[in-house]
Chemist: 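Here it is, the structure, as structure tokens.
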Number of protein chains: 2
Amino acid sequence: MDVRADTRARLQQAALELFTRTGFEQVTADEIADAAGTSRRTFFRCFATKADAVWGEFGAHVARLERLLAATREDQPVLASICAAYVEVNDYADGDLPILRQRMALILGEPALQAHAQVRYADVDRVVAEHVARRLGQTPDALLPRLVATSTRAAATTAFEVWLADGTTTLAAALHAAFDQLALGFPDLRPPSA
Amino acid sequence: MDVRADTRARLQQAALELFTRTGFEQVTADEIADAAGTSRRTFFRCFATKADAVWGEFGAHVARLERLLAATREDQPVLASICAAYVEVNDYADGDLPILRQRMALILGEPALQAHAQVRYADVDRVVAEHVARRLGQTPDALLPRLVATSTRAAATTAFEVWLADGTTTLAAALHAAFDQLALGFPDLRPPSA
DNA sequence: GAGGTTAGTGACACCCAGTGCCACCGGGCA
DNA sequence: TGCCCGGTGGCACTGGGTGTCACTAACCTC
């Protein structure tokens with residue numbers, strides 16, 4: 001019932017390559033399957049959606065984020081704990097950075113993939129909101145847990161965008177810069193600029 | 001080349017109705033067209049996507065937001081100006097609230113529509129980022145303008161969610177509550193809770 | 001009032017994503 | 001050798017979205 005790991009890996013690699021070269025919408029599932037030396041039917045057994053081929057092991061990613069948040073020390077400020085967890089989860093080895101760049105360029109650049117990302121990010125938001133709710137003694141669907149979850153994810157996404165566009169800064173540095181702004185209520189735009 | 005306004009209105013109404021009753025994925029474009037007394041082909045001339053039938057005149061909405069932001073006084077804090085613009089754009093007459101609730105329940109509840117929303121919201125983000133960039137003398141793709149745009153939209157979305165789930169608070173009140181938290185750097189979770 | 005233009009529409013054919021179903025193939029196992 | 005079973009390929013089908021053409025009704029001109 002399951003899928004052989006190398007078949008999945010070949011499909012993922014082929015998909016990433018073709019999407020980057022030709023554009024997400026232009027590539028058909030048949031072409032990916034051909035490039036990976038397998039069939040269209042097998043592609044859709046590995047990935048529920050064409051878009052899912054771009055996301056590696058994102059489920060494991062979210063699970064790891066959840067564990068990190070659960071292990072947070074109580075005396076650490078909540079935003080700092082979330083920032084630290086985001087930084088740790090996204091601490092890739094140098095050798096993995098090119099693939100990460102390729103993946104994120106697609107996700108942040110292709111409209112269809114941006115849309116799909118929303119569904120995947122909903123899991124992240126849920127995990128973060130539960131963490132905040134636990135720390136605050138509120139329910140996860142109250143205003144504050146929800147708001148912290150969505151705005152910290154907004155910060156993380158923005159950090160990824162500038163990291164991707166810039167090329168000189170570290171991903172960790174970009175994440176810290178974004179979270180600092182958020183945690184301080186955007187001090188840089190506090191003084192009326194006139 | 002254009003589409004008759006009442007055809008579009010009938011289709012939109014039928015779509016909203018059917019989506020709410022049966023669920024977005026369960027309704028086919030044919031069924032919507034039949035319910036509106038027209039053809040499938042005409043449906044796709046009115047709306048590029050099945051999902052687009054849920055969004056009313058969202059383009060006009062964004063344009064109005066842009067005008068409001070452009071007319072902002074220079075001595076008003078940036079976040080306050082954005083909050084005021086969001087509140088004003090979402091200041092519906094009481095008679096329009098039921099339709100708004102219906103629309104937002106679909107957009108926030110159906111995964112496929114959540115995904116599609118990301119594409120529409122990208123326009124909002126661009127407009128807000130340009131406003132912030134103008135006020136700060138930065139480019140719209142710098143960290144701070146992007147971050148303010150995405151996190152204020154996160155705040156607005158969260159406000160919509162609690163407004164929808166709650167039923168007692170005003171939309172304006174929910175927006176102000178969310179923006180206040182954001183502008184102050186989440187003071188409610190500042191003290192280490194231990 | 002006849003003839004031409006034009007916008008809106010409907011009908012049909014097509015491409016492609018995604019799914020259900022079944023047949024096949026290869027390897028472990030009695 | 002015969003059986004079982006996980007991975008796979010082929011096939012047909014649904015449904016979203018598009019390009020094309022033919023039709024119709026209004027409007028305009030002579």
Side-chain angles (χ1 to χ4, degrees), chain A residues 1-55 58-59 106-107 110-120, chain B residues 1-55 57-58 106-107 110-120:
Chain A
M1 201 64 74
D2 223 1
V3 182
R4 287 241 318 276
D6 62 326
T7 301
R8 185 181 158 91
R10 280 205 318 279
L11 279 167
Q12 191 170 322
Q13 196 172 338
L16 220 57
E17 165 99 17
L18 288 173
F19 290 161
T20 303
R21 194 181 337 164
T22 322
F24 178 78
E25 312 258 23
Q26 273 60 49
V27 180
T28 76
D30 272 309
E31 291 168 339
I32 302 171
D34 283 354
T38 181
S39 78
R40 165 189 161 77
R41 194 64 190 85
T42 296
F43 175 85
F44 282 114
R45 260 190 284 259
C46 287
F47 305 102
T49 297
K50 221 177 72 171
D52 280 306
V54 178
W55 302 76
F58 194 71
L106 282 169
I107 291 174
E110 294 272 355
L113 289 174
Q114 283 176 38
H116 181 76
Q118 199 57 24
V119 179
R120 308 303 299 260
Chain B
M1 202 63 73
D2 226 0
V3 181
R4 286 239 321 275
D6 63 327
T7 301
R8 184 182 160 90
R10 280 204 319 280
L11 280 168
Q12 191 169 320
Q13 196 173 337
L16 220 57
E17 166 100 16
L18 290 173
F19 290 161
T20 302
R21 193 182 336 163
T22 322
F24 178 77
E25 311 259 22
Q26 274 60 48
V27 180
T28 75
D30 271 308
E31 291 168 339
I32 302 171
D34 282 354
T38 181
S39 76
R40 167 187 158 78
R41 195 63 189 86
T42 296
F43 175 84
F44 283 112
R45 261 190 283 259
C46 286
F47 304 102
T49 296
K50 221 177 71 169
D52 280 307
V54 179
W55 301 75
E57 303 305 323
F58 193 73
L106 283 169
I107 292 174
E110 295 273 358
L113 289 173
Q114 283 176 36
H116 181 77
Q118 199 58 21
V119 180
R120 308 302 297 260

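Order of the sequence lines fixes the chain letters, A, B, ..., with proteins taken first and strands second; residue numbering starts at 1 for each chain.
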Chemist: Look at the side chain of B:S39 and decide which nucleotide, out of C:dG10, C:dT9, D:dG17, has an atom nearest to it.
Modeler: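 The answer is C:dG10, which lies nearest to the side chain.
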Chemist: Of all heavy-atom pairs between B:Q118 and A:Q118, which one has the smallest distance, and what is that distance?
Modeler: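 Minimum heavy-atom contact is OE1-OE1, 2.7 Å.
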Chemist: Tell me the interatomic distance from B:H116, atom NE2, to D:dG16, atom C1', rounded to whole angstroms.
Modeler: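 After rounding, the reported distance stands at 13 Å.
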Chemist: Output the residues of residues 17-38 of chain A in contact with DNA chain C, where contact means a heavy atom of the residue under 4.0 Å from an atom of the strand; sort by number or write none.
Modeler: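 Contacting residues: A:V27, A:T28, A:A29.
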Chemist: Rounded to the nearest Å, what distance is computed from the CZ atom of residue B:F47 to the C1' atom of nucleotide C:dT9?
Modeler: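 Answer to the nearest Å: 16 Å.
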Chemist: A side-chain contact here means heavy atoms from C-beta on lying under 4.5 Å apart; do B:H116 and B:I107 qualify?
Modeler: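 Sidechains of B:I107 and B:H116: no contact.
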Chemist: Not counting sequence neighbours, which residues clear ring pair (Phe, Tyr, Trp, His ring centres under 6.0 Å) with B:F44? List them please.
Modeler: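 For B:F44, no residue satisfies ring pair (Phe, Tyr, Trp, His ring centres under 6.0 Å) once neighbours in sequence are set aside.
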Chemist: Grab the N/O contacts between the protein and nucleotides 20-26 of chain D below 3.5 Å, and write none if there aren't any.
Modeler:
none

Chemist: Say you draw a straight line from NZ of A:K50 to CZ of A:F43; how long is it, rounded to the nearest 0.5 Å?
Modeler: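 A:K50 atom NZ to A:F43 atom CZ measures 8.0 Å (nearest 0.5 Å).
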Chemist: Could you tell me the separation between the CZ atom of A:F43 and the P atom of C:dT19, rounded to a whole number of Å?
Modeler: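 Atom CZ in A:F43 sits about 11 Å away from atom P in C:dT19.
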Chemist: Side-chain donor-acceptor pairs under 3.5 Å in residues 13-29 of chain B, sequence neighbours left out?
Modeler:
unit_1: B:E17; atom_1: OE2; unit_2: B:R21; atom_2: NH2; d: 3.1
unit_1: B:T20; atom_1: OG1; unit_2: B:L16; atom_2: O; d: 2.7
unit_1: B:T20; atom_1: OG1; unit_2: B:Q102; atom_2: NE2; d: 3.1
unit_1: B:T22; atom_1: OG1; unit_2: B:L18; atom_2: O; d: 3.4
unit_1: B:T28; atom_1: OG1; unit_2: B:D30; atom_2: N; d: 3.4
unit_1: B:T28; atom_1: OG1; unit_2: B:E31; atom_2: N; d: 3.2

Chemist: I want to check one thing: is the phosphate of D:dG9, taken as OP1 and OP2, less than 4.0 Å away from some side-chain N or O of A:T42?
Modeler: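 Answer yes for this pair, as a side-chain N or O of A:T42 is under 4.0 Å from OP1 or OP2.
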Chemist: Could you state the interatomic distance from OG1 (B:T42) to CZ (B:R8), rounded to the nearest 0.5 Å?
Modeler: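 That separation rounds to 13.0 Å.
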Chemist: Rounded to whole angstroms, how far apart are CZ on B:R40 and P on C:dG10?
Modeler: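 Value for this atom pair: 13 Å.
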Chemist: B:D34: which residues meet the side-chain hydrogen bond (donor to acceptor under 3.5 Å, both in side chains) condition with it, sequence neighbours left out?
Modeler: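 In terms of side-chain hydrogen bond (donor to acceptor under 3.5 Å, both in side chains), with neighbours along the sequence ignored, B:D34 is linked to no residue.
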Chemist: Mind checking side chain to side chain contact (heavy atoms under 4.5 Å, CB included) for B:R10 and listing every partner two or more places apart, or none if nothing turns up?
Modeler: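 Side chain to side chain contact (heavy atoms under 4.5 Å, CB included) list for B:R10, sorted by chain: B:D6, B:T7, B:A36.
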Chemist: Could you tell me the separation between the CG atom of B:D6 and the P atom of C:dA7, rounded to a whole number of Å?
Modeler: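 To the nearest whole Å, that distance equals 18 Å.
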